[in-house]
Amino acid sequence: MEIKYTVQGLLIYATIIAYLSAFVTSLLRREKTGHILYLFGFAIAVFSFGYRWYHVRHVPLQNLFEVFLCLGMIYPVSLFCRRILRVGGYSADMLIGAIVLFPAGFVFNAEPQQLPPALQSWLFTPHVAVYMLSYIIMAKATFQAILQLAGKGPNPNENLLPPEQATYRIICIGFPLLTLGLVLGSYWGKKAWGDYWGWDPKELWSLASWLVYVGYFHFRYMFGKKHPRINSFWAVAGMAAIIITLLWVNLSRLFPGLHSYAT
Amino acid sequence: MNKFRRAVMWVALALIILLLFLSVYGAFIGAARAKGFISRLPLVVYWITFTLLLITALVMFRRLVRVPGLLLIHLGCVFILAGAMWSSETGHKLQKKLFGIDKITTGQMIIFEGHSDNCVILEDLKQIKKLPFSVELDDLKQIKQLPFSVELKDFQIEYYKTAYLHIQTRDGQGWRIPVEIDTEFPLGSEFGTVKILKTFENFKITIEGGSKKIIDDPQPGSNPALEVQITSPEGQVTTRYVFERFGGHTRPEDKFALSYRRVISDYISRLRIIKDNKVAAEKDIEVNHPLSFGGYHFYQHSYDAEAGQYTVLMVVSNTGLAVVYAGYWMLCIGVIWHLWLRHIVARIKLKNK
Ligand code: HEM
């Protein structure tokens with residue numbers, strides 16, 4: 001763990017502080033101030049991402065540092081879920097934003113890298129961006145699943161969905177993105193390496209994550225809301241598989257694979 | 001749901017969970033072993049069962065056919081599985097037996113600059129310790145010929161403009177300095193400063209009039225190097241040559257090791273396909289930009305790292321690929337329609353009413 005004494009580092013820390021202050025303020029029932037702080041944090045997160053983009057001169061989604069920087073821009077997803085999907089967890093999103101920025105601020109190496117030939121493709125940005133968006137959406141679904149498991153529900157006067165339904169609704173938004181990420185990755189693999197499926201660990205973990213959600217859909221079709229806890233368990237398992245896909249394969253160096261450029 | 005349908009769903013769920021565990025297992029054993037594992041007989045049975053179950057479901061659950069999104073999703077999965085099986089090694093063998101189509105599934109070609117060849121080595125070159133041309137080519141039984149030749153007009157490696165001098169001290173401290181001529185770079189009071197004086201594309205030492213002379217040789221060849229001036233904290237100045245290809249040795253009195261690294265931005269093979277003594281196709285292939293001809297795709301796979309004289313291409317049959325891609329389209333359109341668009345359209349309709 002190290003502190004980054006750079007402009008980039010300071011921007012990340014400022015975002016984390018804004019998100020955490022927004023979270024605490026919301027818990028103290030000062031929703032309006034919380035919202036303003038959240039919006040302020042988001043503005044710094046966007047600036048921070050743009051700053052990185054300018055600095056490295058390519059879309060900054062090449063390594064874990066950049067990917068987590070991108071995940072920190074969670075605000076539009078929160079807004080979309082609350083306004084359009086009637087799904088809560090708005091305050092928790094502030095915490096999720098701070099949590100995902102933590103490794104970018106303190107753990108991952110921020111040294112800019114030049115793009116190796118394999119990553120110079122129009123597929124690079126859509127493939128990674130779609131995955132990041134789906135991951136953040138699935139993180140929201142997991143929070144709803146945890147609420148369901150904990151037996152908590154939204155305030156009746158908030159006009160929000162109960163957690164079990166909310167989980168399903170968010171997974172319905174995230175799953176097409178996850179599918180698109182998988183398919184774009186496969187198409188890209190074919191263009192770059194000649195194989196649309198290479199059976200390397202990163203691919204297999206992303207397939208496993210996708211299959212957890214496929215399992216979720218069919219289990220929920222078979223039993224509906226009869227076993228809400230098992231439904232929620234699927235969603236939590238999906239997130240666990242996503243975290244492993246994103247982190248473990250890169251960090252553990254346990255598996256020899258093609259995706260070594262992502263370390 | 002009647003009993004039979006429920007049974008189908010249970011089997012489907014079991015197969016999905018099984019595939020999930022197989023994927024995790026595959027991730028643990030690494031790509032090379034996973035590739036072998038998935039084409040073993042029990043797995044072949046698994047793939048066929050999964051495909052048949054999807055088809056059974058399409059027949060048994062009316063909604064899977066009537067609801068367009070669900071049809072696209074499940075039929076898409078059938079296409080992907082069928083296309084993948086058809087394009088596999090076993091699929092190719094089956095096509096040879098059934099229809100007499102004898103195609104190379106995948107292999108590699110080594111082509112020297114200015115030469116053409118139609119030989120495809122079916123073994124993975126990385127698995128062969130000696131390079132194939134240092135043994136007799138005939139020794140490799142696993143060679144097949146394409147019905148046309150591939151000519152390598154030129155092979156080129158391009159580098160990013162910015163190259164780096166890496167400095168590593170004995171206690172693990174490190175710097176990465178962009179190569180800029182005559183810019184002094186301070187390394188702190190303990191190590192002094194470094195300055196890059198000159199870059200070489202093709203470093204050579206010649207003897208002229210009995211004395212050694214260092215030149216950047218304009219003749220063909222490549223030996224990238226840097227001339228670096230080190231000034232110690234005591235003011236002592238030394239000059240060092242740092243080579244990209246050869247890691248220099250550190251002397252006991254050296255406080256740090258130097259290395260010169262350039263980052264490759266592209267590999268380009270300028271190819272020409274020759275069929276019946278005529279040029280049938282031409283393309284400069286790069287990573288992400290393969291050449292497609294005669295039922296095969298040609299990829300930039302590897303190269304001669306020593307002298308840049310030859311390229312290694314990967315040749316892959318395109319059999320079954322269109323079916324897999326059709327499946328991808330169906331699956332993507334299916335999930336987007338079924339889980340997103342359908343609801344948006346319904347909302348708009350409701351609003352208009
Ligand atoms: C292995 C055999 C499979 C069977 C027997 C099967 C069967 C079914 C059935 C019966 C439904 C419910 C349809 C309805 O709403 O009336 C369904 C829904 C669905 N299936 Fe499958 N399926 C299989 C594999 C797959 C796979 C591999 C995918 C991968 C994408 C998939 C994705 C979906 C999705 C996204 C839904 C919609 C879920 C929802 O609307 O909540 N299925 N499937």
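Note on naming: letters A, B, ... go to the chains in the order of the sequence lines (proteins, then strands), and numbering restarts at 1 for each one. Side chains included, hydrogens not; waters and symmetry mates left out as well; all remaining heavy atoms used.
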Do you know which two heavy atoms are closest between [X] and [Y], and how far apart they sit?
{"X": "B:I264", "Y": "A:P117", "answer": "O-CD, 3.6 Å"}
{"X": "A:L180", "Y": "B:C332", "answer": "CD1-SG, 3.6 Å"}
{"X": "B:A31", "Y": "A:P201", "answer": "N-CD, 4.2 Å"}
{"X": "B:V287", "Y": "A:A192", "answer": "CG1-O, 4.1 Å"}
{"X": "B:T162", "Y": "A:Q114", "answer": "O-NE2, 3.4 Å"}
{"X": "A:K190", "Y": "B:V316", "answer": "NZ-CG1, 3.6 Å"}

Open item on the list: Donor-acceptor pair, distance only, cut-off 3.5 Å: does the side chain of A:W199 make one with the backbone of B:A32?
Closed with: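 Flag not set: sc A:W199 to bb B:A32 has no pair under 3.5 Å.
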Region of [X] that comes under 4.5 Å of a non-hydrogen atom in chain B:
{"X": "A:I84", "answer": "both"}
{"X": "A:F175", "answer": "side chain"}
{"X": "A:F217", "answer": "side chain"}
{"X": "A:I171", "answer": "neither"}
{"X": "A:I173", "answer": "both"}

Would you indicate whether [X], at its atom [atom1], is surrounded by more than 12 heavy atoms from other residues, nucleotides or ligands within a distance under 6.0 Å?
{"X": "B:W340", "atom1": "CH2", "value": "yes"}
{"X": "A:R82", "atom1": "CZ", "value": "no"}
{"X": "B:R176", "atom1": "CZ", "value": "yes"}
{"X": "A:F106", "atom1": "CZ", "value": "yes"}
{"X": "B:R342", "atom1": "CZ", "value": "yes"}
{"X": "B:F79", "atom1": "CZ", "value": "no"}

Task: Closest-packed option against chain B by number of heavy-atom pairs under 4.5 Å, given A:L115, A:V214, A:L207 - done: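 The answer is A:L115.
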Open item on the list: Looking at chain B, which one of A:L123, A:L177, A:L182 has the largest number of heavy-atom pairs inside 4.5 Å, strictly under?
Closed with: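 Result: the option with the highest number of such pairs is A:L177.
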Largest heavy-atom contact set with chain A, pairs under 4.5 Å, which of [options]:
{"options": "B:F21, B:Y328, B:F37, B:F298", "value": "B:Y328"}
{"options": "B:I17, B:L22, B:V24", "value": "B:V24"}
{"options": "B:H338, B:K35, B:R5", "value": "B:K35"}

Would you mind checking which part of [X] comes under 4.5 Å of any heavy atom in chain A, side chain (CB onward), backbone (N, CA, C, O), both or neither?
{"X": "B:L321", "result": "side chain"}
{"X": "B:V324", "result": "side chain"}
{"X": "B:M314", "result": "side chain"}
{"X": "B:Y159", "result": "neither"}

Nearest-0.5 Å distance that lies between atom [atom1] in [X] and atom [atom2] in [Y]:
{"X": "A:L204", "Y": "B:I38", "atom1": "CG", "atom2": "CD1", "value": "9.5 Å"}
{"X": "A:K191", "Y": "B:H289", "atom1": "NZ", "atom2": "NE2", "value": "8.0 Å"}
{"X": "A:W197", "Y": "B:I80", "atom1": "CH2", "atom2": "CD1", "value": "10.0 Å"}
{"X": "A:Y213", "Y": "B:I16", "atom1": "OH", "atom2": "CD1", "value": "15.0 Å"}

Task: Evaluation steps, side-chain contact (heavy atoms from CB on, under 4.5 Å), between A:M222 and B:W10 - done: CA-CA 9 Å; A:M222 286 166 75; B:W10 270 113; 3.7 Å; yes
Task: Over-ring placement of B:R6 relative to A:F223, 6.0 Å and 45° cut-offs - done: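 Yes, B:R6 lies over the aromatic ring of A:F223.
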Task: Flag side-chain contact, heavy atom, 4.5 Å: A:W205 against B:S23 - done: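 The answer is no; the side chains never approach within 4.5 Å.
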- [ ] Take A:Y196 and B:S87 through the side-chain contact (heavy atoms from CB on, under 4.5 Å) test and state the conclusion after the steps.
- [x] CA-CA 11 Å; A:Y196 52 82; B:S87 68; 2.8 Å; yes
Task: Working for side chain to side chain donor-acceptor pair (under 3.5 Å), residues A:W122 and B:N288 - done: CA-CA 9 Å; A:W122 69 269; B:N288 283 313; over 6 Å; no
